[in-house]
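Reminder, nothing fancy here: chain letters follow the sequence lines and each chain counts from 1.
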Amino acid sequence: MRGFSSFYMGTMAADSGLLLSLVEEFVSGLQDSKAKDTATAVKDGQFTVLQLVEALGVSLTSSQPHTRARGVQMLSEVLLESYGNLSEKEVEVLIAFYENRLKDHYVVTSPVLQGLRALTKCKTLPPGSAVSMLKSLFQDVHVQSLMLVERSCVYNMLINLMETREAELKGLGADFVFGFVQSMDGERDPRNLLLAFQIAKNIIHRGYDLGKFTEELFEVTSCYFPIDFTPPPSDAHGITKEELIEALRAVLTGTPKFAEFLLPLIIEKLDSDVQSAKLDSLQTLTACVSRYEHKDLAEFLEGLWASLRREVFQTSSEKIESAGLAALSALTSCLSRSVLNSDSEDSLSTFLEIVLKDCKHHLCEPDLKLVWPSAKLLQAACSASSRASHIITSAVMPSLIEQYDNRTQCSHRRTLLEVVQRFIQSVKNSQSSENEESVFLAFRQSLCSMVFSALSETNSSLQITATSVLTSLAQQTGLLLDADIELAVDHLIRLLLTEEDDRVSCAVVECAGALAELHPAAFITKLIPRLKRELFSEPIEEGDENRRTSELHSHHAVRQRCLSALAAISMQPSVVQESTPVLLEVLSSAHTGTVRFSVEEMVLACRSLQRIAEQVRDTEETGQCFHDIIIPRLLSLALQAALQDQGSSGCLSPIVEEVVLSAMVPVISTSCSRLQPMLAGQTASRAVSLFLDGDVSFLPDNSFPSNIQLLKKQQGDSWTQSQMVCLLMGCVSSLPRSVEVPQIDRLLSQLEEMSCSCNHPLSYMSAAKCFASLVNKRPLGDCLDSLIQRMMNRVCSELDSASSPIRIQAFTLMIWVAKALLLRYHPLSTALTDKLLSLLDDADLGVMAADGFSLLMCDSVDVLNRGCHADIRIMYRQRFFRENSAKLVQGFNAAPQEKKPNYLKALSNIVNKLPKQVQVTELPALLSLLLEALSCPDQGVQLSTLSCLEPVLIDPPAALIQQLEALVSRLLALVGSSVMNVRIASLRCIHALSRFPVHEILPFRARVLKALARPLDDKKRLVRSEAVQARGEWFLLGSPGGR
Amino acid sequence: MSGGTRLENANPVIFQRSGERLLTAADEDEDVHDPIDDREIFDLIRSINDPEHPLSLEELNVVEQVRVKVNDAESTVSVQFTPTIPHCSMATLIGLSVKVKLLRSLPDRFKIDVHITPGTHASEEAVNKQLADKERVAAALENSSLLEVVNQCLSTRSI
């Protein structure tokens, strides 16, 4: 070694004194920190490791084992810090030293292992040293008699060496495996087990030679299966049962060599009564067979099948059942993968034969009692592979079909139909490619006739099941021929037009939707014309009064179903082209009066258009359909209706009705927000020029006067034109942010003017919303600031003058703009919310202001939501709460008595909308105020406070438990409220209280039971049922068998 | 209970549960008085757990809505229950559970009569007599192990 540190020779003399004193202080003075100092010095190049060894000389050769241990410990600790700087030569010498020390006294072993561990991390480990290190380790150390930390040290050494010296270790052959097996045999600590499992997994997955120790390795790991581990209550290490299960499973399932040991073990553990053991066994089985071949499984197949069958037939939990089915599926797919030899038997068909033998006859039993478990097992096997599905379906389907034909009871037929459907579905999962021929092709004819006969039955649940079978059949390639589709469409039409049952018509509409997506042609040629004819036929006007009303009623129901069916089938652009004109025609004939439609039917037509806009694929074609045809048409109809009024003062078109107009808005806004942004931009600019300049050139049926001014104040109180602003809102407020709105400054100022001057609620409200949503999307800057400032000055001056006639309008504009700014964290939003807070004291607007807080916190449906591409920052509610709750509390304390309810209401509106986690953390500070709110006479406040208390009570914070007395007495008082919903909500809270820690609430038991006797006789049934539930739970408190 | 862990009726026929009662507009109207009707009483007892199986009395068809009669005006309730097999030793216990559930859930103005559907149990009369005797019912509930079983039948299952 001489000379290899000659570079440092010069400084050596000066430092050796320091080094010696460090060693002295560590070894004799027992000052642990000195090892660290020395390590730092070594790393800095102040000393070399050689110098340290020389300095340690006396301690390392001392006759006292404890001194030797201390010396080795110092060396090891320094090495742990500085192993990166060691040369190969140094490492070789150190290893030789450490290996020799393994034979030393047991107190020395621990630091020796530390040192060896440090050396295993060296990149400069000389060849062959890994092997020699391990040999001496396995020879001289009995790992399981070491302490926890030392054992973990050994495992870490192994892991380190496996990472870097894989080839060398493999050279050790099976001895390495044997050494490891001996070291981990009997390990009990979960932390070390995780390490040991990792080593075992590496051994298996990286192809170490197991030699004759395969069974030993399996034994030493499988003895922990199934894992039963509950972390200690103050769990510092964070090891979970799941981690251990996963780690062990990776070992056990890692190699087919374990199959002969693992499979019997699984069969044995499946017999266990412990649910978690069963579950773990089933999941392990599922995992292991993915690596196995059929020859590994062959001799255990029968045993495994018997256990799986038992678990599914006699299941007590759904988890185990589904794990069992998954295991069967995995097993079958393993068998399906195997390559057949010419001489061996086909293990898949042998296995499936057993399965069929045990299950098939249950499908034919007269009482159909075990039909479901058998069917589930067969379906699990069926879904495993295409070959399995062929074998099973060809065995099962004929008998199912025959059964169906022979049975007469509807419930039996329905069960069989459901079973058939599950089979079709399970095959769907196993089919590898789209154009593969369906396995049901052979049964095509009988399946179709089965479905059609079920559709013609009168039993509604049979019909419902049949529609879903029809859907599944349609999804299989090539099963339904064109003629079948036509027949299916005929059946669907018949059911749509005649079936009164809501569940059936829902199922039919759904089925029509699914079929129309796959086979649009039949729906275009048959269904749509038929529905159209039905929609435009007038109800028969004959017979007496009663007959007429019932006729009218059923006619309305038919129209309703037709409208929703039209929406459901419109998924393909080609269908949309045909269905939307029908819906538009409904609106226009209602407008002209050629065919009478009720307002409700018009709203439904709009809903259907909206639904189509929501679900249709966003293609150029559909975009044009909506932006170039539907929206101009809707605007034109609305404008015609609005203008009609001016000339003839007779009856108004139903389109001016607020509900109809409001139903049109989402059609427009959905298409503008999700279909073809470029076309949406075009629509927006057309709409803006229509509303600002009266440009009607793009509207169909163009016979409008040229002097239209929709945003200007109309003479008199005519609102039919002004309310059209809600359609403008639909166009411009839902555009993606990338689309520019033309003439925006002019538009904004006119909208502001309108919202502050109009008297018609829908008009000024829509103008305010439109203004707010444009403000929400405007880029930051002086332009926006001055716009807001101008609006604020105007609004505030109106609000401050108590006699102003337009205070409500000003308030509406303010609250919507406040919301728009709050959502995007605009700095000016604070000014607006402060104004809102100050209005809580206002004599006229106080209540509105309190309700306004709920508007700020709720998601609004039409504008300023994510669907409309609004600028919404996350957690704006929490932020708003944090900034304003203190101000609210302050305001509450300062407010005169009669104004206090407004503050409580505002507060409960805010708290109500906060996420529960936030509520729980914030509640202690607000608890006294909320309790106050419970005794506030305003029922709205009571209700909203109760509804925000209830979720908090499920996981009560400590602060709440301290106030239990106040809480219980206030809640019990509210049980006698005159409002039904307050009674219900307070009973729910009392119910929730019963899950508090028993010792806290037991003192209240008698009082609560007595108080709850009265609501048992409440006049409302809903109240009684809440009282029954709450009282039942309170009875169980502190009673044997209860809690 | 009797015969160690062996169940008396190990493989009972299971019946479908009826759905939740449909909410009508009248139910939500503050001013309408909803009388206590048969379905409401049936809803009280249908979810009681069977002492033997992890099933409700409704699923075992032990209680049926047609065997529940209530007269709100006269404050009387009569419930007939049908043991799954004629020699069921659980009959008294089931009857007791039904009775206790009704006692806890109905206003005290009601007179509650619980008895076995005629002709469905071997010792029908004895059980009926036991259930009708106020003092014997009260005494049974003093017995903590009996009360424990009853409470288990009445506790809401957590799944």
Side-chain angles (χ1 to χ4, degrees), chain A residues 273 313-319 367-373 411 414-415 461 502-503 939 977-984 987 991 994-995 1005 1008-1010 1012-1043, chain B residues 5 10-14 16 19-24 26-37 39-41 43-45 47-49 51 53-55 72 75 97 100-110 141-156 158-159:
Chain A
D273 282 335
F313 270 120
Q314 301 172 10
T315 185
S316 49
S317 94
E318 277 179 35
K319 256 192 196 158
D367 59 351
L368 293 177
K369 208 166 165 186
L370 286 171
V371 71
W372 274 119
S411 62
R414 196 185 112 203
T415 310
S461 48
D502 279 344
R503 291 178 308 136
Q939 283 142 352
S977 159
S978 60
V979 183
M980 173 168 94
N981 287 335
V982 173
R983 297 202 293 273
I984 291 177
L987 284 168
H991 188 171
S994 73
R995 293 187 208 105
R1005 183 174 185 261
V1008 171
L1009 288 178
K1010 186 152 174 270
L1012 290 190
R1014 213 160 58 93
L1016 290 179
D1017 211 3
D1018 197 279
K1019 69 172 182 174
K1020 296 309 295 174
R1021 187 173 295 124
L1022 292 174
V1023 179
R1024 294 198 294 264
S1025 91
E1026 293 295 339
V1028 164
Q1029 286 177 33
R1031 197 163 189 253
E1033 289 302 316
W1034 276 87
F1035 254 113
L1036 293 177
L1037 276 179
S1039 181
R1043 58 170 289 244
Chain B
T5 55
N11 189 11
V13 183
I14 300 173
Q16 197 174 22
E20 292 294 311
R21 181 185 191 125
L22 291 177
L23 214 57
T24 62
D27 284 333
E28 283 167 346
D29 187 345
E30 291 269 4
D31 305 322
V32 178
H33 179 105
D34 311 326
I36 297 182
D37 58 11
R39 172 69 203 243
E40 187 171 342
I41 302 291
D43 278 338
L44 292 176
I45 55 176
S47 55
I48 296 177
N49 306 326
H53 298 284
L55 295 165
D72 195 16
S75 301
S97 303
V100 171
K101 176 74 188 184
L102 292 178
L103 281 172
R104 288 178 184 178
S105 313
L106 285 176
D108 52 12
R109 64 186 164 93
F110 275 92
L141 294 181
E142 299 278 316
N143 177 337
S144 73
S145 61
L146 209 53
L147 183 60
E148 186 177 342
V149 185
V150 169
N151 276 337
Q152 274 163 3
C153 293
L154 297 188
S155 49
T156 38
S158 51
I159 301 163

Interface moiety of A:S317 toward chain B, non-hydrogen atoms closer than 4.5 Å
neither
What part of B:L106 lies closer than 4.5 angstrom to a heavy atom of chain A: side chain, backbone, both or neither?
backbone
Between A:R1024 and B:D34, is there a donor-acceptor pair closer than 3.5 Å when you use the side chain of the first and the backbone of the second?
yes
Can you confirm whether more than 12 heavy atoms, excluding those of B:D29, are under 6.0 Å from its CG atom?
yes
Can you tell me if A:K1019 has over 12 outside heavy atoms packed within less than 6.0 Å of its NZ?
yes
Whether B:N151 side chain and A:P1040 backbone form a donor-acceptor pair below 3.5 Å:
yes
Please identify, among B:R109, B:E40, B:E28, B:Q152, the residue contributing the most non-hydrogen atom pairs under 4.5 Å to chain A.
B:E40
Roughly how far apart are B:R104 CZ and A:E1033 CD, rounded to 0.5 Å?
10.5 Å
Which one wins on heavy-atom pair count under 4.5 Å against chain A: B:D43, B:I36, B:L154?
B:I36
Based on non-hydrogen pairs under 4.5 Å, which of B:D72, B:V150, B:V32 is most in contact with chain A?
B:V32
Do B:L23 and A:L1022 make a side-chain contact, defined as non-hydrogen atoms from C-beta onward lying under 4.5 Å apart?
yes
Of the backbone (N, CA, C, O) and the side chain (C-beta and beyond), which part of A:V979 lies under 4.5 Å from a heavy atom of chain B, both, or neither?
both
If you take all heavy atoms of B:D27 and A:K1020, which pair is closest and at what distance?
O-CE, 3.2 Å
Between B:E30 (side chain only) and A:M980 (backbone N and O only), is there a donor and an acceptor less than 3.5 Å apart?
yes
Tell me, side chain or backbone of B:L103 under 4.5 Å from chain A's heavy atoms, or both, or neither?
backbone
Counting C-beta onward and ignoring hydrogens, is there a side-chain heavy-atom pair between B:T24 and A:R1021 closer than 4.5 Å?
no
For A:R1014, does the CZ atom sit with more than 12 other heavy atoms under 6.0 Å from it, leaving out its own atoms?
no
